[in-house]
**Student:** 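Here you go, one structure.
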Amino acid sequence: MRAPRILVAVVPVVLVVAACSGSSAVRKADVETQLTTTLEQGGVAKGPFSVACPGDLAATVGTTMTCEVTKGTKTSKVLLTVTSTAGGKVDFDVSDAPAS
């Protein structure tokens, strides 16, 4: 049985870079907060839900991270892909994670 998926069109997101262990990264909490806001504003996730990412997002173009979106007992995965890192900001796209 496959877990239900949240259907996410590719959504661009911008975050500010923070220093993390000597390298540039976006803090996990900031990624989760922005992803939550993006899903709410896009009308993708309605009602109470939570977002969990595995760690900080490296500020390197091409970096990917899979985060989980949980609503009730159902969990879906979304893929974050860093698309640019300019001017102290990290742009990343949000899309459905490929089925495993």
Side-chain angles (χ1 to χ4, degrees):
M1 173 193 255
R2 287 181 44 199
R5 294 167 50 96
I6 291 178
L7 298 177
V8 180
V10 175
V11 178
V13 181
V14 179
L15 288 173
V16 177
V17 177
C20 177
S21 303
S23 63
S24 295
V26 179
R27 289 175 287 202
K28 173 185 175 187
D30 293 337
V31 174
E32 291 172 342
T33 297
Q34 184 59 51
L35 182 54
T36 298
T37 300
T38 299
L39 293 174
E40 287 173 340
Q41 289 176 346
V44 174
K46 296 179 178 156
F49 66 95
S50 64
V51 172
C53 297
D56 295 345
L57 179 62
T60 305
V61 173
T63 296
T64 61
M65 175 189 292
T66 301
C67 296
E68 294 184 341
V69 179
T70 303
K71 182 174 181 176
T73 60
K74 298 180 178 163
T75 300
S76 298
K77 294 183 180 186
V78 293
L79 180 68
L80 311 182
T81 304
V82 176
T83 57
S84 71
T85 57
K89 295 183 180 180
V90 174
D91 296 323
F92 63 89
D93 287 342
V94 179
S95 60
D96 284 324
S100 50

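Predicted model, so just to flag it, every value in this text is computed and none were measured.
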**Student:** Taking atom types as modelled, find out whether T70 and T75 have a side-chain donor-acceptor pair closer than 3.5 angstrom.
**Tutor:**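 Result is yes, a qualifying pair exists.
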**Student:** I'd like to check V61 versus T85 (side-chain heavy atoms, cut-off strictly below 4.5 Å). Are they in contact?
**Tutor:**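 SC-SC contact between V61 and T85 confirmed.
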**Student:** For a quick test of reading the model, state the closest non-hydrogen atom pair linking D56 to A25 and the distance between them.
**Tutor:**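 Reported closest heavy-atom pair: CB-CB, 4.1 Å.
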**Student:** Quick one: OG1 on T81 to CG on D93, what's the gap to the nearest 0.5 Å?
**Tutor:**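 Answer rounded to 0.5 Å: 6.5 Å.
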**Student:** Under a single-linkage definition using a 4.5 Å side-chain heavy-atom cutoff for Ile, Leu, Val, Met, Phe, Trp and Tyr, are V90 and L79 assigned to the same hydrophobic cluster?
**Tutor:**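 No, because V90 and L79 fall into different hydrophobic clusters, even though each may have its own neighbours under 4.5 Å.
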**Student:** Ignoring hydrogens and angles, tell me if any N or O in the side chain of S76 forms a donor-acceptor pair with the backbone of V69 under 3.5 Å.
**Tutor:**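 Not a single qualifying donor-acceptor pair exists.
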**Student:** What I want to check is whether the side chains of T36 and E32 have a donor and an acceptor closer together than 3.5 Å.
**Tutor:**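 No - no donor-acceptor pair under 3.5 Å links their side chains.
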**Student:** Closest approach of G55 and M65, non-hydrogen atoms and distance?
**Tutor:**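 Distance-wise, the nearest heavy atoms are O-CE, 3.2 Å.
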**Student:** Check whether any side-chain heavy atom of C67 sits under 4.5 Å from a side-chain heavy atom of L35, and report yes or no.
**Tutor:**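 The answer is yes; the side chains approach within 4.5 Å.
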**Student:** Could you walk me through whether V51 and C53 pass the side-chain contact (heavy atoms from CB on, under 4.5 Å) test, one step at a time?
**Tutor:** CA-CA 7 Å; V51 172; C53 297; 4.3 Å; yes
**Student:** How long is the span from the CG atom in L57 to the CD atom in Q34, to the nearest 0.5 Å?
**Tutor:**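 It comes to 12.0 Å.
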